[in-house]
Trainee: 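For reference, the structure I am asking about is given below.
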Amino acid sequence: MRYWLLKSEPDVFSFDHLKKRARKTEPWNGVRNYQARNYMRDDMNVGDLGLFYHSSCAEPGVAGVVKITREAYPDPTQFDPKSEYFDKGSKQEEPRWVMVDVTWEAALPNFVTLQQLRDDPALADLITLRRGNRLSITPVDEKDFKRICKLGGLKI
DNA sequence: GCCAACGTTGGC
DNA sequence: GCCAACGTTGGC
C-alpha cells in the first residue's frame, strides 16, 4: 500500500469535479511524462491512496484524498488526433502512455494550502515542495500523507 | 505575464 | 553521446 500526490489544474479538473462524476471515478488521462508514467505503470496498485493537489491556480494546495481503483491501462487519448494529448509516435500494439482510475475518497475539511505545506517542518521531505519540481505524480511517505490529512482535519 | 527550472528534441 | 534550443510547468 503506497501513497501518492496527484496534481491537477482545478480550472481543468478539480477535486469537486471528481466528486460529481458517475461513481466518483475518473481515468487519470493525459500524463505525458515518463517518470510519472512509470510510477503509474510500475508502482501504483489498486487501493493506494492519493492526495489531490490543485496546481497552477489562485490557491494551490491539497483538496482531498482519492483511491486508486484500477491499475494502469492504455490511455486512449494518445491515439485520438483530436485530443490535445495525441501522440503520433505511439503505436496501438505498443502504447506509450497509460492511466489509472481514481475515485473520490474523502475531502479535507480544511483545504491545506501550499504555504501551509511549506511552513510545516515535518514535511521537509515532500517531493512536491522541492525546488523546480514539476512531476505531476509523486510518491508520498506514509507519515507525510497522514500529516497532511491531519493538517486538513481529516481522520484517516 | 514573468521567469526559474526542468524535460525533450534533434543536429552534429 | 553531447548540448543548445525549445517547450512546459507552476508559483508568484
Side-chain angles (χ1 to χ4, degrees), chain A residues 2-21 26-44 48-66 68 72-102 104-141 143-154:
Chain A
R2 293 169 184 255
Y3 299 90
W4 305 93
L5 183 144
L6 307 177
K7 291 183 190 174
S8 185
E9 299 184 21
D11 298 341
V12 179
F13 189 74
S14 71
F15 189 60
D16 218 42
H17 287 133
L18 179 62
K19 189 176 186 180
K20 290 170 182 163
R21 281 293 195 262
E26 184 77 356
W28 203 254
N29 61 24
V31 173
R32 294 295 180 268
N33 169 285
Y34 287 104
Q35 204 176 341
R37 177 204 67 181
N38 293 347
Y39 279 136
M40 286 195 288
R41 187 189 62 190
D42 304 333
D43 299 319
M44 265 190 194
D48 286 0
L49 295 178
L51 300 165
F52 196 112
Y53 179 88
H54 287 172
S55 66
S56 290
C57 56
E59 195 179 32
V62 178
V65 174
V66 298
I68 306 304
Y73 61 110
D75 178 348
T77 63
Q78 69 195 300
F79 303 121
D80 179 2
K82 293 192 296 294
S83 170
E84 60 177 311
Y85 302 125
F86 179 62
D87 179 357
K88 64 175 164 50
S90 183
K91 292 175 282 188
Q92 287 278 357
E93 323 82 70
E94 205 181 334
R96 183 177 288 170
W97 305 110
V98 299
M99 60 189 186
V100 296
D101 284 357
V102 304
W104 192 95
E105 178 77 9
L108 297 187
N110 307 305
F111 185 88
V112 178
T113 66
L114 174 59
Q115 194 57 54
Q116 283 177 272
L117 299 176
R118 290 201 189 284
D119 289 345
D120 188 343
L123 298 174
D125 293 336
L126 200 66
I127 293 172
T128 307
L129 301 183
R130 286 186 199 156
R131 228 167 103 82
N133 173 72
R134 294 175 2 185
L135 260 188
S136 63
I137 298 177
T138 51
V140 175
D141 288 344
K143 67 172 176 52
D144 290 347
F145 183 90
K146 290 185 171 168
R147 176 73 184 171
I148 293 167
C149 288
K150 192 175 177 186
L151 287 175
L154 178 69

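Letters go in sequence order (proteins before strands), and every chain restarts at 1. Nothing here was measured: the structure is a model prediction, and the numbers come from that model.
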Trainee: At a cut-off of 3.5 Å, list every protein nitrogen or oxygen paired with a nitrogen or oxygen from nucleotides 6-10 of chain C, distance to 0.1 Å.
Mentor:
residue : atom : partner : partner atom : Å
C/dG7   : N2   : A/R134  : NH1          : 3.3
C/dT8   : O2   : A/R134  : NH1          : 2.9
C/dG10  : OP1  : A/K7    : NZ           : 2.7
C/dG10  : OP1  : A/R134  : O            : 3.0

Trainee: Quick test of your reading: applying side chain to side chain donor-acceptor pair (under 3.5 Å), list the pairs with at least one residue in residues 89-101 of chain A, sequence neighbours left out, ordered by first then second residue.
Mentor: A/Y73-A/D101, A/Q78-A/S90, A/D87-A/R96, A/D87-A/W97

Trainee: Going by the side chain to side chain donor-acceptor pair (under 3.5 Å) test, which pairs reach into residues 48-61 of chain A, not counting sequence neighbours?
Mentor: A/W4-A/D48

Trainee: Please list, one pair per line, the donor and acceptor atoms closer than 3.5 Å that link side chains of residues 107-117 of chain A to other protein atoms, with sequence neighbours excluded.
Mentor:
residue : atom : partner : partner atom : Å
A/T113  : OG1  : A/Q116  : N            : 3.1
A/T113  : OG1  : A/Q116  : OE1          : 3.4
A/Q115  : NE2  : A/D119  : OD1          : 3.0
A/Q116  : OE1  : A/T113  : N            : 3.0

Trainee: Sequence neighbours left out, what passes side-chain hydrogen bond (donor to acceptor under 3.5 Å, both in side chains) with A/D42? Give chain and number order.
Mentor: none

Trainee: How close or far is atom P of C/dG11 from atom CG of A/D119, stated in whole angstroms?
Mentor: 15 Å

Trainee: May I have all residue pairs that pass salt bridge (charged side-chain N to carboxylate O under 4.0 Å, His left out) and include part of residues 10-21 of chain A, sequence neighbours excluded?
Mentor: A/D16-A/K20, A/R21-A/E26

